[in-house]
Number of protein chains: 2
Amino acid sequence: MLSGRWKLPILFRLFAEPTMRSSQLLRDIPGISQKMLTQHLRQLEQDGLVARQDFQEQPPHVAYEVTASGRALMPALIAVREFARQHTEAE
Amino acid sequence: MLSGRWKLPILFRLFAEPTMRSSQLLRDIPGISQKMLTQHLRQLEQDGLVARQDFQEQPPHVAYEVTASGRALMPALIAVREFARQHTEAE
DNA sequence: CAGCATCCTGCTTGATACTG
DNA sequence: CAGTATCAAGCAGGATGCTG
């Protein structure tokens, strides 16, 4: 469910904002490609962690946000990240 | 640090016992191979999550345990697993 | 802007056989 | 028992070009 090079970066970035457009995520997450962004967003969507809003506009306007369910998971993920931080500092 | 097909199964299994031999882990974790067990144990060792005790006996006797550091990480992992459980039940 | 399709590469994994 | 070595396969991921 969380496996994939960019799942966590996407979740954390998305968690920091109420809502975000694709292009913003693409800019904000260094190194990610359009392909992987979309692919991982789809999976996060399927798993109910992220919601997609399509504004049906021209030009296209789509926004993403972390769902309530996804938000419930974040504290645990933050704890793991914190552990990783302190753990990696030592190197 | 946790990425790898068997890292979490190993950690959780190891967490449930004070100490475990290789062969026990091999038996207890369905589907894992000798190779992956050793490989992942080495990495967990390098990351300080697991400790290896070699009893220097003949025949070989080696035991593994979760380190204090590793134990500190477990509550967060358990929380994520719990989330995954409830999440997967719905399917 | 948002997304899809394609090709291509490298890592991770699995199967198997072997050593002390 | 514990571990290593080798080979082949599968899949995730990167680069690129195209669509509405």
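Residue numbers begin at 1 in each chain, while the letters A, B, ... track the order of the sequences.
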Starting at atom [atom1] of [X], determine the distance to atom [atom2] of [N], rounded to an integer number of angstrom.
{"X": "B:D54", "N": "D:dA2", "atom1": "CG", "atom2": "C1'", "answer": "9 Å"}
{"X": "A:L2", "N": "D:dA12", "atom1": "CG", "atom2": "C1'", "answer": "16 Å"}
{"X": "A:Q24", "N": "C:dC1", "atom1": "CD", "atom2": "C1'", "answer": "12 Å"}
{"X": "B:L37", "N": "D:dA5", "atom1": "CG", "atom2": "P", "answer": "16 Å"}
{"X": "B:Q56", "N": "C:dG20", "atom1": "CD", "atom2": "C1'", "answer": "13 Å"}
{"X": "B:L8", "N": "C:dT13", "atom1": "CG", "atom2": "P", "answer": "12 Å"}

When rounded to the nearest 0.5 Å, the distance separating OG of B:S22 from NE2 of B:H61 is 9.0 Å
List the protein contact pattern of nucleotides 13-20 of chain D with one symbol per nucleotide (5' to 3'): B for base contact, S for sugar-phosphate-only contact, - for none; contact means a heavy-atom distance under 4.0 Å.
BBB----B
Sugar-phosphate only, base, or nothing, as touched by A:F55 at under 4.0 Å among non-hydrogen atoms:
nothing
Identify, with sequence neighbours excluded, every residue that meets ring-ring contact (aromatic ring centres under 6.0 Å, His included) alongside B:F83.
B:H87
At less than 4.0 Å, is any side-chain N or O atom of B:R21 found next to OP1 or OP2 of D:dC1? Yes or no.
no
Show every ring-ring contact (aromatic ring centres under 6.0 Å, His included) that has at least one partner inside residues 13-35 of chain B, sequence neighbours left out.
none
Tabulate below the donor-acceptor pairs under 3.5 Å that side-chain atoms of residues 25-35 of chain A make, not counting sequence neighbours, or state none.
| residue | atom | partner | partner atom | Å |
| --- | --- | --- | --- | --- |
| A:D28 | OD2 | A:R13 | NE | 3.1 |
| A:D28 | OD2 | A:R13 | NH2 | 2.9 |
| A:S33 | OG | A:M36 | N | 3.3 |

Any residue meeting salt bridge (charged side-chain N to carboxylate O under 4.0 Å, His left out) with A:R5, in chain and number order, not counting sequence neighbours
none
Applying salt bridge (Lys or Arg N to Asp or Glu O under 4.0 Å), which residue pairs with at least one partner in residues 62-71 of chain A are found, sequence neighbours left out?
none
